[in-house]
Novice: 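Pasting a structure below so you can have a look.
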Amino acid sequence: MSVGPSTRMLLNVVKAGRQRQITASYSTLAQVCVATADGAELVNDHPDVQTWSLPASDAVALVHANPGESWTLLRSAQLLEQQSVAVVPPHYRTVRTAGGRAVTFWHPPGRRHDDAAVSAWLTASIHTVHPKTALWLDPHDPFHGLLDSLADAEVDQAGKRFLREHTARLREDWDRIDWPTPPTVILADTGMARAHEDSRCPRLLLRRPLRLGRREWDLVAARWKAELLRGHPADLDAYTRAYTARARRDLVQLHDQLATWSGYRSVRDVLVLTEVMRTVARAELDGRARQLAQHQIACLRGTHQLPWTWGRR
C-alpha cells in the first residue's frame, strides 16, 4: 500500500479487523485513481464512508460502502449550490466504482470552523430549500438499517437483547410524535452541521446525502451532545440566535421552545441510539472499540450518571 506516513503508522498499531477495513478502502481508491492514490492519508474510517486526503492531486476522496448514496451525495451538493448554500463542491461530478464500493472526489474543505453560529446558519439555509425541488431525496427514517450490524456485532447477548428492546420502544415513541412542522430538506446527521473555511467563506462539508424529513431532527442533533456528554460544550445561545435570524419567521418560536416540545426527548433518544449503534458497528475493529460499545450500552441502561464520558469523538 502506497499510503502516506501517518496511515502507515496507523496500520502498524491497529488490530486485524481495522487493518482489513482500511486496506479494503484504499484498494478501492487505488483502483479508481492509480496515479493520485499514492501517499493518500486516511482522515476518517467510518464504516459507511472513509475519508482520504490525496496530497498528489490536492483533493479529498470519499469511499462509500453504499454506491447508491454516493450519487445522491453529489446531487445533494449540487442542489445546495443551486440554492446558494455555501457547500464544499465536488472535484468531479461523477462516481467511480471498484470492489463493490464507490468513490467521490471533492475539493479540499479547508480548516475546520468550530462555530455554533456558522453551523446554525448553514442548517437554517438547508431548511429554506423547498422540498418540491428535491423530491428525489430519500425520506429520513432513522430506524432504517439501524440494527443491521447487531447480529454479528462484538457485544454480549445481554447487550444485543437490550438494544433490540430499546429500539422497539423508541420506534413506538417515534410513531406517536406530534411534529410541529411539515417535512422539508434536512441535514439528517447526528450533530451540528460541519463547517470548513477556505480563503473565501465557511462552507458546509457534506459526507452523507441530504434527506426529506423533519427540521426538528437537525435542531435536536445540534444540542444533544452538549446536554448528555461530558466534554462537549456548545454555545447554544449563539446557535439559537443565528438559526432564528436565518429561519422562516413562522419557525422562530419553534426553536425557542424546542427543549419544552413534547417530542424533544423522543428525538433526542433516537439520536443517542443512532450514535451508539455506530459504535457497536465498529466493535469488531479492536478491544478499545468493543469496550467503548459496551460502555455506551451501559449508559443507555442507566448504569452511569449524566453527563456520560464517551471518550474522544
Side-chain angles (χ1 to χ4, degrees), residues 73 75-89 107 109-134 137 140 142 177-229 231-268 270-271 313:
L73 179 65
R75 291 189 69 186
S76 296
Q78 183 179 18
L79 171 68
L80 295 183
E81 286 180 304
Q82 293 170 346
Q83 299 294 323
S84 300
V85 179
V87 62
V88 176
H107 287 285
R111 65 179 180 86
R112 178 72 178 262
H113 195 90
D114 292 314
D115 187 325
V118 171
S119 177
W121 182 266
L122 291 168
T123 301
S125 298
I126 293 172
H127 292 173
T128 62
V129 177
H130 200 290
K132 287 187 178 180
T133 66
L137 287 175
H140 177 230
I177 292 177
D178 182 16
W179 298 98
T181 62
T184 192
V185 178
I186 66 170
L187 185 62
D189 210 337
T190 58
M192 287 188 181
R194 288 166 292 186
H196 285 244
E197 186 170 15
D198 55 20
S199 59
R200 290 170 291 178
C201 66
R203 296 177 180 272
L204 175 69
L205 181 65
L206 278 180
R207 287 296 176 259
R208 292 181 180 81
L210 301 172
R211 294 285 190 258
L212 289 177
R214 307 287 181 162
R215 52 178 55 83
E216 291 81 12
W217 175 274
D218 286 349
L219 298 179
V220 178
R223 62 183 298 156
W224 78 265
K225 292 181 181 179
E227 178 184 349
L228 299 183
L229 300 186
H232 281 270
D235 189 347
L236 296 178
D237 288 339
Y239 188 97
T240 297
R241 289 193 299 271
Y243 185 87
T244 54
R246 180 71 177 89
R248 284 169 28 195
R249 293 298 91 199
D250 58 329
L251 299 177
V252 172
Q253 186 178 15
L254 160 70
H255 191 275
D256 288 344
Q257 299 177 354
L258 182 67
T260 59
W261 168 52
S262 61
Y264 173 80
R265 183 165 181 174
S266 295
V267 175
R268 184 200 67 185
V270 176
L271 277 156
R313 305 294 296 160

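Starting from 1, each residue takes its place in the sequence as its number. Heavy atoms only: backbone and side chains are in, while hydrogens, waters and symmetry mates are out.
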Novice: Would you call the rings of H127 and Y243 parallel, tilted or perpendicular, taking 30° and 60° as the class edges?
Specialist: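 Ring orientation, 0 to 90° scale: perpendicular.
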Novice: For R265, is the CZ atom crowded, meaning more than 12 foreign heavy atoms sit under 6.0 Å from it?
Specialist: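 Atom CZ in R265 is not crowded, with 12 or fewer foreign heavy atoms closer than 6.0 Å.
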Novice: Do you know which two heavy atoms are closest between P209 and S76, and how far apart they sit?
Specialist: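 Scanning both residues, the minimum pair turns out to be CA-OG, 3.7 Å.
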Novice: Only counting residues at least two apart or in another chain, list the ones meeting side chain to side chain contact (heavy atoms under 4.5 Å, CB included) with E227.
Specialist: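 If we apply the side chain to side chain contact (heavy atoms under 4.5 Å, CB included) test to E227, skipping adjacent residues, the hits are Y264, R268.
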Novice: What's the shortest heavy-atom distance between V87 and A77, and which atoms?
Specialist: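 So the minimum-distance heavy-atom pair works out to CG1-O, 3.8 Å.
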Novice: With sequence neighbours excluded, what pairs up with R75 under the salt bridge (charged side-chain N to carboxylate O under 4.0 Å, His left out) test?
Specialist: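 Listed in chain order: nothing, the list is empty.
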Novice: Of all the heavy-atom pairs spanning P182 and R215, show the shortest one and how long it is.
Specialist: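 P182 and R215 have their closest heavy atoms at O-NH1, 3.5 Å.
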Novice: Taking K132's backbone N and O only, do any of them form a donor-acceptor pair with H130's side chain (distance below 3.5 Å, no angle check)?
Specialist: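 Yes, the answer is positive, given that a donor and an acceptor are paired below the 3.5 Å cut-off.
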Novice: Roughly how far, to the nearest 0.5 Å, is the OG1 atom of T123 from the CE atom of M192?
Specialist: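 Between M192 CE and T123 OG1, I get 8.5 Å after rounding to 0.5 Å.
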Novice: Does W261 reach the side chain of I177, with side-chain heavy atoms less than 4.5 Å apart?
Specialist: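 Of all side-chain heavy-atom pairs linking I177 with W261, at least one is under 4.5 Å.
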Novice: In Å, rounded to the nearest 0.5 Å, how long is the span from NZ of K225 to CG of L271?
Specialist: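 With rounding to 0.5 Å, NZ (K225) is 9.5 Å from CG (L271).
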Novice: Where do T181 and E216 come nearest, in terms of heavy atoms and distance?
Specialist: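 Answer, listing the atom of T181 first, then E216: OG1-OE2, 2.6 Å.
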Novice: Side-chain contact, heavy-atom cut-off 4.5 Å: R223 with Y239?
Specialist: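 Not touching, per the 4.5 Å side-chain cut-off.
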Novice: How many angstroms lie between NE2 in H196 and CZ in R203, if you round to the nearest 0.5 Å?
Specialist: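 One gets 13.0 Å once the value is rounded to the nearest 0.5 Å.
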Novice: Stepwise, does the side chain to side chain contact (heavy atoms under 4.5 Å, CB included) test hold for R194 with D189?
Specialist: CA-CA 10 Å; R194 288 166 292 186; D189 210 337; 3.2 Å; yes
Novice: Between W217 and T190 (side chain of the first, backbone of the second, donor and acceptor by atom type, cut-off under 3.5 Å), is there such a pair?
Specialist: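 Not confirmed, W217 side chain does not pair with T190 backbone.
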Novice: Carefully, step by step, assess L187 and L210 under the rule side chain to side chain contact (heavy atoms under 4.5 Å, CB included).
Specialist: CA-CA 5 Å; L187 185 62; L210 301 172; 4.3 Å; yes
Novice: Once side chain to side chain contact (heavy atoms under 4.5 Å, CB included) is applied, do any residues pair with P131, and if so which ones, sequence neighbours excluded?
Specialist: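 In terms of side chain to side chain contact (heavy atoms under 4.5 Å, CB included), with neighbours along the sequence ignored, P131 is linked to T184, L212.
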Novice: Within this structure, what is the CG-OG distance for the pair D218 and S119, rounded to the nearest 0.5 Å?
Specialist: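 Separation between the atoms: 9.0 Å.
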Novice: Do I186 and R214 have side-chain heavy atoms sitting under 4.5 Å apart?
Specialist: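 I186 does not reach R214 side chain to side chain.
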Novice: Using every non-hydrogen atom in the two residues, find where A188 and R211 come nearest and quote the distance to one decimal.
Specialist: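 Looking at all heavy atoms of both residues, the closest pair is CB-CG, 3.7 Å.
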Novice: So how far is it from L122 CG to D115 CG, rounded to the nearest 0.5 Å?
Specialist: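 Spacing of CG (L122) from CG (D115) equals 10.0 Å.
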Novice: Which atom names give the shortest non-hydrogen contact between L236 and A222, and what distance separates them?
Specialist: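 Closest pair (atom of L236, atom of A222, distance): CD2-O, 3.9 Å.
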Novice: What distance do L206 atom CG and L79 atom CG have between them, rounded to the nearest 0.5 Å?
Specialist: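 These two atoms lie 10.0 Å from each other.
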Novice: Kindly say whether P89 contributes a backbone atom to a donor-acceptor pair with the side chain of H107 at under 3.5 angstrom?
Specialist: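 Answer holds: no.
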Novice: Given side chains that start at C-beta, do those of P202 and R111 come closer than 4.5 Å, heavy atoms only?
Specialist: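 Side-chain contact under 4.5 Å: no.
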